[in-house]
Protein chains: 2
Amino acid sequence: MCPMTEGTVRLDATAKRIIELLQEDGRISYAAIAKAVGLSEAAARARVQKLLDSDVMQVVAVTDPTQVGFTRQAMIGVRTEGDPMKVGDRLALVREVDYVVTTAGSFDLLVEVVCEDDPHLLDVIRQIRELEGVVSSETFVYLKLNKQHYNWGTR
Amino acid sequence: MCPMTEGTVRLDATAKRIIELLQEDGRISYAAIAKAVGLSEAAARARVQKLLDSDVMQVVAVTDPTQVGFTRQAMIGVRTEGDPMKVGDRLALVREVDYVVTTAGSFDLLVEVVCEDDPHLLDVIRQIRELEGVVSSETFVYLKLNKQHYNWGTR
DNA sequence: CAAAGAATCTGCGGTAATCGCAGAATTAAC
DNA sequence: GTTAATTCTGCGATTACCGCAGATTCTTTG
């Protein structure tokens, strides 16, 4: 439900290099990883598995939702009363919500939603505003996705 | 530089199912995909390759940046004058920027940045505000990542 | 410091997946 | 209806994956 939030794991240089390789190509073979980092194939495989098991990293397909039938995306800024984390965790349970962060600033939470069309988005917004602890919200409908990348390890 | 923005490709049910499988596990074997969608291994492999080549989908490792040495993340709302797309495309060139969307609402652009620390973030904000066409900006520093997922194909 | 314990690594054999290609089948274009 | 283009199947040859046994390194503890 909510991956990668618990205690920070210690990552050595090899682990970071492995992550970088998989950020460039999530389907690279274990053998290629092993050669690149100077380990045996079995060791490389074990390290990848450990990174996955500990939720430090996940390897997934990422798409532009508009190309897969979800034509309405939006970011919703939410102001809360009480504990923002609590509201955030509840928002995380909403199916259409794919991204929730607690922030400092004029919003307490930023929530990204993926919807099929405008009525669907409207319904999700209603759903969010009815949540206990939500004071107000502001919606930013996506017009164009200009950039999306995941390889900040490799710069 | 800027993937998945051009003309929408036609996706049939099989392509969608393949995407769903890879959203759950980016390292699933071609053989397993083939069995799941009822194609030969070679055909499944060709279709995955096509989806990757056409930038409909990318398979990548995704991490919580805070665990990999980038402790300061933020969303920056940007107001522009002139063509927001133009500014958005220029923002996409900034190294620390991993996500840019053009939006409707009180911001014209939403920009996510990944930084190593506060001074680094400060520098990136300065950099953004100096860009031609940027009128003002508002920064939302991330305190906690509550949810992050990529499998809206599978609901 | 020494010894026990835990974690991590290497090497390897059996199995399974990947790759590339030739030809068949299907779909699209005219 | 014919041509062209795309997509699929089948199948060797190659390569990668998996699990494990034993060696090595790192950590803990008396």
Side-chain angles (χ1 to χ4, degrees), chain A residues 3-64 66-69 150-151 153-154, chain B residues 3-64 66-69 150-151 153-154:
Chain A
M4 306 181 302
T5 54
E6 311 312 339
T8 299
V9 183
R10 185 108 205 85
L11 298 180
D12 60 15
T14 302
K16 287 183 183 173
R17 183 85 189 96
I18 289 175
I19 291 172
E20 287 179 17
L21 291 166
L22 286 165
Q23 281 176 332
E24 284 186 9
D25 174 10
R27 291 185 70 78
I28 185 177
S29 74
Y30 292 124
I33 293 172
K35 187 156 56 177
V37 303
L39 285 179
S40 68
E41 182 273 337
R45 174 158 40 95
R47 297 190 69 136
V48 169
Q49 202 53 54
K50 200 182 130 200
L51 289 169
L52 294 173
D53 289 343
S54 62
D55 276 338
V56 170
M57 165 186 88
Q58 44 184 148
V59 178
V60 293
V62 181
T63 64
D64 180 348
T66 58
Q67 296 207 2
V68 200
Y150 301 92
N151 55 329
T154 60
Chain B
M4 310 181 300
T5 55
E6 311 311 338
T8 299
V9 184
R10 185 110 201 84
L11 298 180
D12 60 15
T14 301
K16 287 183 183 173
R17 183 84 189 100
I18 289 175
I19 291 172
E20 286 179 18
L21 291 166
L22 286 165
Q23 281 176 333
E24 284 186 11
D25 174 9
R27 291 185 70 78
I28 185 177
S29 73
Y30 292 123
I33 294 172
K35 188 156 54 176
V37 303
L39 284 180
S40 68
E41 183 273 336
R45 175 157 40 94
R47 297 191 68 135
V48 169
Q49 202 53 54
K50 200 181 130 201
L51 289 169
L52 294 173
D53 289 343
S54 62
D55 277 337
V56 169
M57 163 186 91
Q58 44 183 148
V59 178
V60 293
V62 181
T63 64
D64 181 348
T66 59
Q67 296 206 3
V68 199
Y150 301 93
N151 54 330
T154 60

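Lettering follows sequence order; numbering is per chain, from 1.
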Mind checking if B/A42 touches a base, just sugar-phosphate, or nothing, with heavy atoms under 4.0 Å? base

Nearest 0.5 Å please: distance from the CD atom of A/E41 over to the CZ atom of A/R45. 4.5 Å

Only counting residues at least two apart or in another chain, list the ones meeting side-chain contact (heavy atoms from CB on, under 4.5 Å) with A/R27. A/D25, B/L22, B/I28, B/Y30, B/V59

Among D/dT7, D/dT9, D/dC18, find the nucleotide with the atom closest to the side chain of B/A43. D/dT9

I need the CD-P distance between B/Q49 and D/dT7, as an integer number of Å. 14 Å

In this structure, how many angstroms lie between the P atom of D/dC8 and the CD1 atom of B/I33, rounded? 13 Å

Minimum heavy-atom separation for B/A36 and B/L21, please, with both atom names. CB-CD1, 3.7 Å

Please list, in 5' to 3' order, the outermost nucleotides of DNA chain C lying under 4.0 Å from any heavy atom of chain B. C/dA17 to C/dG20

With heavy-atom distances below 4.5 Å as the criterion, would you say the side chains of B/V48 and B/M57 are in contact? yes

At what angle, to 10 degrees, do the two end axes of the helix from C/dC1-D/dG30 to C/dC30-D/dG1 meet, given five pairs define each axis? 60°

Looking only at side-chain N and O atoms, does B/R45 come under 4.0 Å of OP1 or OP2 in D/dC8? no

Write down the distance between OH (B/Y30) and P (D/dT14), rounded to a whole number of angstrom. 21 Å

Given the rule in the side chain to side chain contact (heavy atoms under 4.5 Å, CB included) test, do A/V37 and A/E20 qualify, once you have shown the distances and angles that lead to the verdict? CA-CA 11 Å; A/V37 303; A/E20 287 179 17; over 6 Å; no

How long is the span from the OG atom in B/S40 to the NZ atom in B/K35, to the nearest 0.5 Å? 14.5 Å

Within this structure, what is the CD1-CG distance for the pair A/I18 and A/L39, rounded to the nearest 0.5 Å? 6.5 Å

I would like to know whether B/K16 and A/T63 meet side chain to side chain contact (heavy atoms under 4.5 Å, CB included); could you show each step before the answer? CA-CA 11 Å; B/K16 287 183 183 173; A/T63 64; over 6 Å; no

Distance, rounded to the nearest Å, where B/I28 contributes CD1 and D/dC18 contributes P: 12 Å

Taken to the nearest whole Å, CG/A/D12 to P/D/dC26 is 12 Å

Roughly how far, to the nearest 0.5 Å, is the CD atom of B/Q58 from the CG atom of B/L52? 9.0 Å

5' precedence on DNA chain C between A/E41 and B/A32 (nearest-nucleotide basis): A/E41

By the 4.0 Å heavy-atom rule, please label B/S29 as base, sugar-phosphate, or nothing. sugar-phosphate

